[in-house]
Undergrad: 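Just passing along the structure, written as structure tokens.
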2 protein chains.
Amino acid sequence: MSWISEESMMKATIYDIAREAGVSIATVSKVINGKGKISEERRREVMAIMERLQYQPSVIASALTGKHTYTIGLLLPDLSNPFFAEVARAVEDRGHQLGYSVVMCSTDNKDERIERYLSLLKQQRVDGIILATGIGSAEQLKKLNHAMPVVVIGREVPESNLPTVVADDWGGGKAAAEHLLALGHRRMAVFAERLSITSSRERLRGFRQAIEEAGFTLTDEAIVICDDRIDDGRRQASALLRGSDRPTAVFCFNDLLAVGVLQAAKEAGLSVPAQLSIVSFDNTILAEVTDPPLTAVAQPMTHIGASAVDLLLEEIGSKPKIKARIALPTELVIRRSTGRIVE
Amino acid sequence: MSWISEESMMKATIYDIAREAGVSIATVSKVINGKGKISEERRREVMAIMERLQYQPSVIASALTGKHTYTIGLLLPDLSNPFFAEVARAVEDRGHQLGYSVVMCSTDNKDERIERYLSLLKQQRVDGIILATGIGSAEQLKKLNHAMPVVVIGREVPESNLPTVVADDWGGGKAAAEHLLALGHRRMAVFAERLSITSSRERLRGFRQAIEEAGFTLTDEAIVICDDRIDDGRRQASALLRGSDRPTAVFCFNDLLAVGVLQAAKEAGLSVPAQLSIVSFDNTILAEVTDPPLTAVAQPMTHIGASAVDLLLEEIGSKPKIKARIALPTELVIRRSTGRIVE
DNA sequence: CTGAAAGCGCTTACAG
DNA sequence: CTGAAAGCGCTTACAG
């Protein structure tokens, strides 16, 4: 086997290009990165040779000196939850558009998984991290942010002063309540996610405020805390709907819970919306396929993902910067799971 | 600012560990990787120091010499399709479990996106790629596989001789037909994905075979080719169901299409399953939340994803190897979208 | 069992 | 406008 065929098998490096073009590797590096001053002539020559040899610079090697790996990490609770899948898709799209790869990390909100992923991402030297999952204290967050740029999605961590993108949870909760009030509902229940998450608290606060402004109250018993799963929503709804004093409307903090409540209602022989109205939150594909389809507070998932990437890249790029906090509007999408009570 | 505080700010490198332990970096490298012979004593010392300095080896640097980046790429059509989200979650889990990060790439089955992603992944020097998306010819695939290990999910590319994991599409199609035949259906339609995909062809072949074995035939007019989207299934179903000679049962090649057909049936005032039975394929969360929930051929999504990772790591690890081809069983899950015709 | 040295493929001052 | 050289943080023969 001659050296020619051997060489042709090998992946071209910057040295190959330099040799072929009769220039130094510094020059090649400059044309690759568009830095420094290179004569148009040389530039063309080098470009042509890179083309011919199908040269692809090693991100690995350049990361070792140039500090960027062009990879970002995305931590979320669960990729198989349609809401997060949707957001992940948006992050991926925007990232790739800007030349970044994105590593997905489903944490199931478990501390040990979060730890492990974070450690993995650090070793891989990702350029930054988007957190769409719960993470301990503001202090832990600060520590993490000390190691690399971080952007948080969907929750506020005031003490940490990190760039954040959230939906208008308060407004969404308020809109949900106003819709139900307008339909004549008075006995309402809330199926919430853990209230340790700020977005949950905000949704509740908006919902409650609208109710109180209308002169009614939302008792603590009317608030049910659920896990982020269909079957938990269903299980807890079964119990609630069995009572004689059952609510005429339920506001769910995500589509999974709403689907669970809908299933429980059907099992209990309750017709939706004639006997029970349901308002959901998220507006994923699930809200469209149930029967009846769900009235839901829509989150701008695509926008959320894209904005998070943009914020993160700003962090990565520049040093001192105002830590932006973006709040995106929500919108009530009225479908057929809500209506007036039919006595 | 003293040099001490400066140093303490920097991320520890192998040199820091070596200096602190009074050994060479070669020795540190060996204890990190468990290679070579190191005395128990030294090993413990070094370990302790790595611990104390919170040392995390740079994957980047080691990739430059050690050839592994511990990153794999996953190409799929669309992360926001629940089937692929489910598979992606499984790939991610198995990958991380084995120390690999996974980069997600939604291609929308578009050539230019595929090209771009592939190029990005090459530059990032991923260790291998799992393809769950369409990709041109067997030749292109071979070329890609020449550059790095590749495992294909969900379709066969016989000429390329690549490791593959598929579901038993043929068996699934057959089971769907047998179920419908047993319920007395004779006029059946198929809502298929593009038949250029082997899995589609297999599902169709199994379905048809069962029908012919029962002494009936499936005409070509009964086969509708759809895009992988709810609204396309719905649109095409609307047209089909309007005819006087409409089918009494439809077999859909994925849950998205089945949801579309279900919606069209409702709009047409047809009751499911009394007037129209629907069998779906995939068995994602969508099949559980519709009303009625869908009878579906279940694909072992978790198993598929995990097996693909295992195959890929075998490829990455060893040189000459038999190219495995794994076919995983499918299972018919009977729900309420199928039944006998009620005249 | 341990270490000196070369090399992986780049980028970046620094000189010229 | 261009190049020689050092350095990024590791791994891997090779000697000892």
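A note on names: the letters A, B, ... follow the listed sequences, proteins ahead of strands, and every chain is numbered from 1.
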Undergrad: May I ask you to evaluate whether A/Ser39 reaches the phosphate of D/dT2, defined as a side-chain N or O under 4.0 Å from OP1 or OP2?
TA: yes
Undergrad: Which whole-number value in Å describes the distance from B/Asn33 CG to D/dA13 C1'?
TA: 15 Å
Undergrad: Taking only side-chain nitrogens and oxygens of B/Lys30, does any of them come within less than 4.0 Å of OP1 or OP2 of C/dT2?
TA: no
Undergrad: Check this for me: does the side-chain of B/Tyr15 come within 3.5 Å of the base of D/dC8 through a donor and an acceptor?
TA: no
Undergrad: As a test of understanding, state which of A/Ile130, A/Leu312, A/Ile304, A/Thr302 forms a side-chain contact (heavy atoms from CB on, under 4.5 Å) with A/Val91.
TA: A/Ile130
Undergrad: Give a yes or no on whether a salt bridge exists between A/Asp111 and A/Arg116, defined as a side-chain N under 4.0 angstrom from a carboxylate O.
TA: no
Undergrad: When you match B/Leu64 and B/Gly22 each to their closest nucleotide on DNA chain C, which lands nearer the 5' end?
TA: B/Gly22
Undergrad: Is the backbone N or O of A/Leu79 less than 3.5 Å from a side-chain atom of A/Ser106, with the two atoms forming a donor-acceptor pair by type?
TA: yes
Undergrad: Would you kindly give the CE-to-P distance between B/Met50 and D/dC10, to the nearest whole Å?
TA: 11 Å
Undergrad: Hey, mind stepping through A/Ser62 and A/Leu64 against side chain to side chain contact (heavy atoms under 4.5 Å, CB included) and telling me if it holds?
TA: CA-CA 5 Å; A/Ser62 92; A/Leu64 198 53; over 6 Å; no
Undergrad: I want to check one thing: is the phosphate of C/dG3, taken as OP1 and OP2, less than 4.0 Å away from some side-chain N or O of B/Ser24?
TA: yes
Undergrad: Using OP1 and OP2 only, check whether a side-chain N or O of A/Thr27 sits under 4.0 Å from D/dT2.
TA: no
Undergrad: Near B/His303 NE2, under 6.0 Å, is it more than 12 heavy atoms from other residues, nucleotides or ligands?
TA: no
Undergrad: Any side-chain N or O of A/Ser29 less than 4.0 Å from the OP1 or OP2 oxygen of C/dT11?
TA: yes
Undergrad: How many Å lie between NZ on B/Lys35 and C1' on C/dG3, as a whole number?
TA: 17 Å
Undergrad: Would you classify B/Ile60 as touching base, sugar-phosphate or nothing, given that sugar-phosphate means primed atoms plus P, OP1 and OP2, and contacts are heavy atoms under 4.0 Å?
TA: nothing
Undergrad: Does D/dT2 have OP1 or OP2 under 4.0 Å away from a side-chain N or O of A/Arg42?
TA: yes
Undergrad: Which residue lies toward the 5' end of DNA chain C, B/Arg43 or B/Ala61, if each is placed at its nearest nucleotide?
TA: B/Arg43
Undergrad: Does the structure show a Watson-Crick or G-U wobble partner for C/dG16, both distances under 3.5 Å? Name it, or say none.
TA: D/dC1
